[in-house]
Amino acid sequence: MTRPIVIKISGHQIDDPKYLTDLAQVISGMKQPKIIVHGGGKEISQLQEQLGITPRYIDGVRVTDQASLDLVVMTLCGTVNKRLVHYLVSAGVNALGLSGIDMKLIQAEPMHHSSVDMGFTGHIMSVNREPLLTLLHSGITPVIAPPCYGENSIYNVNGDHVAGAVAQAVQAESIIFLSNVEGVLQDDTIIPNLTSEQTQKLINDEVITGGMIPKVEMALSTLASGVESVVISNLEGLQTHGGTVFTQSN
């Protein structure tokens with residue numbers, strides 16, 4: 001079997017029917033075996049606020065109390081996962097919705113922070129890759145929601161971290177982080193290729209700032225785990241093979 005790719009879909013536009021229709025068509029045209037991991041943080045935060053729960057983040061990671069965990073599981077494993085699977089199946093993708101909980105696909109433990117109780121926010125310990133490889137061999141595209149299995153609880157795990165761990169476990173050829181940004185910009189121009197060393201220099205020189213920093217740090221840690229290339233792009237970039245491609249070296 002050809003080495004798979006992992007596609008991480010952020011939650012920014014995952015409630016937009018036009019976006020989902022176009023995304024499903026693009027994925028349907030990709031012949032390589034693929035695993036999809038999705039987020040949905042925007043919809044979780046909206047539901048929290050409707051129920052009077054103030055979303056809390058530490059270093060960009062959601063603090064998850066029991067009430068928030070219930071919303072996370074309901075929203076990600078239910079509403080968002082099945083919505084995405086529906087669009088993919090309608091476009092001809094043989095998609096199967098899962099979460100990190102099913103078959104103990106992804107085991108997690110509580111995330112520890114020096115000064116904050118992170119509640120049911122989790123840190124990944126291991127990935128059970130055999131069920132994923134079996135599905136891929138059968139021509140099935142797993143669509144994974146990020147809640148993960150823990151010995152004493154379900155844990156809410158950052159979707160980017162789930163995608164990176166899955167890519168490492170299945171020895172993916174590449175991982176594509178799809179967001180609402182087209183890639184890393186310098187002087188309003190996309191940087192098409194970056195090595196680990198060049199990326200670190202751009203962070204040090206404050207060319208890469210703000211919310212792009214955790215994205216590129218995840219790209220670098222995924223490269224270090226053995227994945228050959230990481231792409232940060234938007235849907236248009238996925239269609240045109242654009243975006244920013246990260247590799248260990250030229």
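By convention here, the first residue in the shown sequence is residue 1.
Of all heavy-atom pairs between P4 and V170, the closest is CG-CG2, 3.9 Å. In this structure, G159 and V37 approach most closely via the heavy-atom pair O-CG1, 3.7 Å. Closest of all the heavy-atom pairs between N234 and G237 is OD1-N, 2.9 Å. For V93 against S28, the heavy-atom pair with the smallest separation is CG2-CA, 3.6 Å. Heavy-atom minimum distance, S99 versus L105: O-CD1, 3.5 Å. Nearest heavy atom pair, residue A95 against residue V85, reads O-CG1, 4.0 Å.
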Anything under 3.5 Å between a donor and an acceptor, one on a side chain of residues 120-129, the other on a protein residue two or more places apart or in another chain? List them.
from	atom 1	to	atom 2	distance (Å)
T121	OG1	R62	O	2.6
T121	OG1	T64	N	3.2
T121	OG1	T64	OG1	2.9
T121	OG1	M118	O	3.0
N128	ND2	M103	O	3.3
R129	NH1	A169	O	3.2

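Using a 4.5 Å cut-off between side-chain heavy atoms of Ile, Leu, Val, Met, Phe, Trp and Tyr, with links allowed through other members, I140 and L88 fall into different hydrophobic clusters. Put simply, V6 and V216 are part of the same group of oily side chains (I, L, V, M, F, W, Y) that touch within less than 4.5 Å, one to the next. Under the 4.5 Å side-chain heavy-atom criterion for grouping Ile, Leu, Val, Met, Phe, Trp and Tyr, L178 is not connected to V184 through any hydrophobic cluster. Placement of V73 and L76 in two distinct hydrophobic clusters is found when ILVMFWY residues are connected by side-chain heavy-atom separations under 4.5 Å, directly or transitively. Hydrophobic clustering, with ILVMFWY side chains joined whenever heavy atoms are under 4.5 angstrom apart, groups F246 together with V227.
Sorted pairs that involve residues 93-117 and meet salt bridge (charged side-chain N to carboxylate O under 4.0 Å, His left out), not counting sequence neighbours, are lacking altogether.
Using a 4.5 Å heavy-atom threshold, the side chains of T141 and L96 count as separate. Two residues are said to be in side-chain contact when any heavy atoms from C-beta on lie closer than 4.5 Å; M30 and I5 meet this criterion. P131 places none of its side-chain heavy atoms less than 4.5 Å from the side chain of T134. Between S233 and F177 the shortest side-chain heavy-atom distance does not fall below 4.5 Å. A heavy-atom distance below 4.5 Å is found between the side chains of L69 and I154. Put simply, the side chain of T2 does not reach to within 4.5 Å of the side chain of K31, judged on heavy atoms. Side-chain contact between Y57 and S45 is present, with at least one heavy-atom pair separated by less than 4.5 Å. Counting heavy atoms from C-beta on, the side chains of P55 and V63 never come closer than 4.5 Å.
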**Asked** Where do Q107 and C148 land on the side chain to side chain contact (heavy atoms under 4.5 Å, CB included) test, with the steps shown first?
**Response** CA-CA 6 Å; Q107 294 206 51; C148 294; over 6 Å; no
**Asked** Would K34 and I27 satisfy side chain to side chain contact (heavy atoms under 4.5 Å, CB included), going step by step from the backbone distance to the final call?
**Response** CA-CA 9 Å; K34 48 207 163 280; I27 291 175; 3.6 Å; yes
**L235/Q13 under side chain to side chain contact (heavy atoms under 4.5 Å, CB included): CA gap, chis, key distance, verdict** = CA-CA 10 Å; L235 181 55; Q13 296 165 285; over 6 Å; no
**Test side chain to side chain contact (heavy atoms under 4.5 Å, CB included) applied to I9 and I7, step by step** = CA-CA 6 Å; I9 303 169; I7 302 171; 4.1 Å; yes
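Other residues, nucleotides and ligands contribute only 12 or fewer heavy atoms inside 6.0 Å of the NZ atom of K201. Heavy atoms of other residues, nucleotides or ligands lying less than 6.0 angstrom from CD of Q239 number more than 12. Heavy-atom neighbours of H86 NE2 from other residues, nucleotides or ligands within 6.0 Å: at or below the threshold of 12. The neighbour count for E206 CD, taken as heavy atoms of other residues, nucleotides or ligands under 6.0 Å away, does not exceed 12. Within 6.0 Å of CD in E236 there are 12 or fewer heavy atoms belonging to other residues, nucleotides or ligands. Atom CZ of R83 is surrounded by more than 12 heavy atoms from other residues, nucleotides or ligands within 6.0 Å.
Applying side chain to side chain contact (heavy atoms under 4.5 Å, CB included) to K42 and the options L47, T75, D15, V80 leaves one that passes, D15. Between I208 and the options I191, L185, I203, a side chain to side chain contact (heavy atoms under 4.5 Å, CB included) holds for only I203.
Interatomic distance, CD of Q186 versus OG1 of T244, reported as 10.5 Å (0.5 Å rounding). Between I101 atom CD1 and I106 atom CD1 the span is 9.5 Å, to the nearest 0.5 Å. Atom CG of N156 and atom CE of M111 lie 9.0 Å apart (nearest 0.5 Å). Separation of atoms CG (L71) and CE (M74) is listed at 5.0 Å; rounding is to 0.5 Å. With values rounded to the nearest 0.5 angstrom, L133 atom CG is found 8.5 Å from Q171 atom CD. Between S174 atom OG and E228 atom CD the span is 8.5 Å, to the nearest 0.5 Å.
In summary, D160 and K8 engage in a salt bridge, as defined by a charged side-chain N under 4.0 Å from a carboxylate O.
A distance-only check finds a donor-acceptor pair linking the side chain of D16 to the backbone of K18 [under 3.5 Å]. Checked by atom type and distance alone, the side chain of Q32 pairs as donor or acceptor with a backbone atom of R3 at under 3.5 Å. Between the side chain of Q198 and the main chain of T195, a donor-acceptor pair closer than 3.5 Å is present.
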